[in-house]
Engineer: 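I have a structure I would like to understand better, so I am pasting it below and will then ask my questions one at a time.
Reckoned from all heavy atoms, side chains included, excluding hydrogens, waters and symmetry mates. All residue numbers refer to positions in the sequence shown, counting from 1.
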Amino acid sequence: QMPGTARHDREMAIQAKRKLSKTTDPVERLRLQCLARGSAGIKGLGRVFRIMDDDNSRTLDFKEFVKGLNDYAMMIDKEEAQEIFRIFDKDGSGTIDFDEFLVTLRPPMSNARKEIIMQAFRKLDKTGDGVITIEDLRGVYNAKHHPKYQNGDWTEDQVFRAFLDNFDSPYDKDGKVTTEEFMNYYAGVSASIDTDVYFIIMMKNAWKL
């Protein structure tokens with residue numbers, strides 16, 4: 001199994017569901033609903049917004065915002081949606097910038113956590129171009145230990161591709177992982193880990209940093 005992904009993802013989703021019943025803050029509730037779908041949950045919501053942004057303005061008005069939440073099957077009533085929208089529409093223009101929205105929705109992380117995530121990213125990004133691809137992984141990761149490679153189900157490239165797909169949003173798997181996608185993924189994992197120390201140890205062990 002790839003470093004610390006599936007197990008933490010499950011733990012995180014369970015924790016998010018548990019916290020949902022106790023939380024009244026509307027932004028936190030939306031965040032937890034996304035995380036209950038796993039680490040790529042927030043990214044998935046971003047993808048829904050991007051599809052709806054017909055004019056490529058990277059902004060949403062309230063109607064589009066609500067439609068996006070509904071399309072993504074978020075359980076949010078109109079009052080709650082209005083409250084969230086108001087929080088993000090800081091200048092009262094009637095639109096929100098959805099990149100800003102997604103960054104705020106991402107669970108906050110300390111600099112120490114961001115730094116160790118970036119160390120892992122740089123290690124995987126062999127070519128140093130800011131994107132992790134199958135080519136990069138060939139240089140860093142040994143696919144031959146993977147059970148599906150050993151029993152002949154998968155080629156080496158299929159092992160790598162499955163690994164990259166972990167970090168990609170469920171509907172938009174392109175076999176490339178950007179810094180932002182990697183960071184978003186680990187922001188999800190990070191949400192289920194209480195202390196920086198434990199998070200850093202987990203990352204060091206997973207990526208041999």
Side-chain angles (χ1 to χ4, degrees), residues 9 12-13 16 20 23 25-111 113-115 117-118 120-122 124-125 127-133 136 161 164-191:
D9 221 36
M12 189 203 65
L20 249 177
T23 305
D25 176 274
V27 175
E28 181 67 7
R29 284 181 59 75
L30 186 58
R31 174 186 291 146
L32 289 168
Q33 284 195 48
C34 287
L35 291 177
R37 303 188 178 200
S39 298
I42 290 176
K43 227 182 121 190
L45 181 57
R47 169 132 175 95
V48 171
F49 285 156
R50 239 183 304 272
I51 292 167
M52 290 179 41
D53 178 28
D54 296 328
D55 57 355
N56 277 326
S57 62
R58 303 195 79 69
T59 59
L60 299 169
D61 61 24
F62 184 65
K63 209 175 85 209
E64 293 172 315
F65 179 67
V66 172
K67 188 178 179 319
L69 294 177
N70 289 340
D71 287 355
Y72 201 53
M74 292 280 133
M75 307 303 284
I76 280 186
D77 59 33
K78 191 145 190 229
E79 285 71 50
E80 220 175 355
Q82 272 166 333
E83 202 180 331
I84 294 170
F85 194 84
R86 260 200 309 275
I87 291 168
F88 286 98
D89 180 14
K90 293 188 185 69
D91 58 359
S93 64
T95 58
I96 58 176
D97 170 322
F98 65 66
D99 290 319
E100 202 181 312
F101 169 73
L102 293 171
V103 168
T104 311
L105 203 54
R106 204 160 75 177
M109 279 186 296
S110 68
N111 286 334
R113 294 193 191 206
K114 287 180 187 158
E115 182 43 47
I117 293 168
M118 282 314 296
F121 185 88
R122 286 192 292 267
L124 286 172
D125 178 18
T127 53
D129 62 355
V131 183
I132 304 170
T133 60
D136 285 316
R161 184 60 204 256
L164 293 171
D165 284 351
N166 270 316
F167 299 98
D168 245 339
S169 81
Y171 318 102
D172 194 17
K173 299 187 187 305
D174 58 3
K176 297 183 181 71
V177 178
T178 62
T179 320
E180 193 200 2
E181 287 170 340
F182 200 73
M183 202 52 104
N184 275 340
Y185 178 84
Y186 274 110
V189 174
S190 165

Engineer: Determine whether Ser190 and Arg106 make a side-chain contact, defined as any pair of heavy atoms from C-beta on separated by less than 4.5 Å.
Structural biologist: no
Engineer: For the pair Arg29 (side chain) and Leu20 (backbone), establish whether a donor and an acceptor sit closer than 3.5 Å, ignoring hydrogens and angles.
Structural biologist: yes
Engineer: In terms of ring plane angle, is the pair Phe101 and Phe65 parallel, tilted or perpendicular, where the classes change at 30° and 60°?
Structural biologist: perpendicular
Engineer: Got a second to check how far Phe167's CZ is from Thr178's OG1, nearest 0.5 Å?
Structural biologist: 11.5 Å
Engineer: Report yes if some heavy atom in the side chain of Arg50 is under 4.5 Å from a heavy atom in the side chain of Arg58; otherwise report no.
Structural biologist: yes
Engineer: Sub-3.5 Å donor-acceptor pair from the side chain of Tyr72 to the main-chain atoms of Phe49, do we have one?
Structural biologist: no
Engineer: Is there any side chain to side chain donor-acceptor pair (under 3.5 Å) pair reaching into residues 59-70, and which pairs are they, with sequence neighbours excluded?
Structural biologist: Ser57-Thr59, Lys67-Asp71
Engineer: How close do Val66 and Ala81 get, counting heavy atoms only, and between which atoms?
Structural biologist: CG2-CB, 4.2 Å
Engineer: Looking only at heavy atoms, which two atoms of Ala36 and Ala16 are closest? And how far apart?
Structural biologist: N-CB, 3.7 Å
Engineer: Surrounding CD of Glu80 (heavy atoms of other residues, nucleotides or ligands, distance under 6.0 Å), is the total greater than 12?
Structural biologist: yes
Engineer: Start with the C-alpha distance between Arg31 and Glu28, add both sets of side-chain angles, then the distance that settles salt bridge (charged side-chain N to carboxylate O under 4.0 Å, His left out), and finish with yes or no.
Structural biologist: CA-CA 5 Å; Arg31 174 186 291 146; Glu28 181 67 7; 2.5 Å; yes
Engineer: For residues Leu30 and Leu69, determine if any side-chain heavy atom of one lies less than 4.5 Å from a side-chain heavy atom of the other.
Structural biologist: yes
Engineer: Can you label the angle between the Phe182 ring and the Tyr186 ring as parallel, tilted or perpendicular, going by 30° and 60°?
Structural biologist: perpendicular
Engineer: Using only atom types and a distance under 3.5 Å, with no angle test, would you say the side chain of Asp89 pairs donor to acceptor with the backbone of Gly94?
Structural biologist: yes
Engineer: How many angstroms lie between atom CD of Gln82 and atom CD1 of Ile76, to the nearest 0.5 angstrom?
Structural biologist: 12.0 Å
Engineer: Could you report the tightest heavy-atom contact between Ile42 and Cys34, atom names first, then the distance?
Structural biologist: CG1-CB, 3.6 Å
Engineer: Which pair of heavy atoms, one from Arg37 and one from Ala73, lies closest together, and at what distance?
Structural biologist: NH2-O, 3.4 Å
Engineer: Got more than 12 heavy atoms from elsewhere within 6.0 Å of NZ, Lys90?
Structural biologist: yes
Engineer: Which atom pair, heavy atoms only, marks the closest approach of Arg161 to Gly175?
Structural biologist: NH2-N, 3.3 Å
Engineer: Would you check if Glu181 and Phe121 make a side-chain contact, meaning some heavy-atom pair closer than 4.5 Å?
Structural biologist: no
Engineer: Between atom CD1 of Ile96 and atom CZ of Arg86, what is the distance when rounded to the nearest 0.5 Å?
Structural biologist: 12.5 Å
Engineer: Measure the spacing between CG of Leu164 and CG of Asp174 and express it to the nearest 0.5 Å.
Structural biologist: 9.0 Å
Engineer: When you look at Met118 and Lys114, which way does the side chain to side chain contact (heavy atoms under 4.5 Å, CB included) test go after all the steps?
Structural biologist: CA-CA 6 Å; Met118 282 314 296; Lys114 287 180 187 158; 5.6 Å; no
Engineer: Would you kindly say whether Thr23 and Asp25 are connected by a side-chain donor-acceptor distance under 3.5 Å?
Structural biologist: no
Engineer: Under a 4.5 Å cut-off applied to non-hydrogen side-chain atoms, are Asp136 and Leu124 in contact?
Structural biologist: no
Engineer: Among Asp97, Thr95, Val27, find the one that has a side-chain contact (heavy atoms from CB on, under 4.5 Å) with Phe88.
Structural biologist: Val27
Engineer: Can you name the nearest heavy-atom pair linking Ala187 to Pro107, along with the distance?
Structural biologist: O-CG, 3.5 Å
Engineer: Heavy atoms, side chains only, cut-off 4.5 Å: are Thr104 and Ile87 in contact?
Structural biologist: no
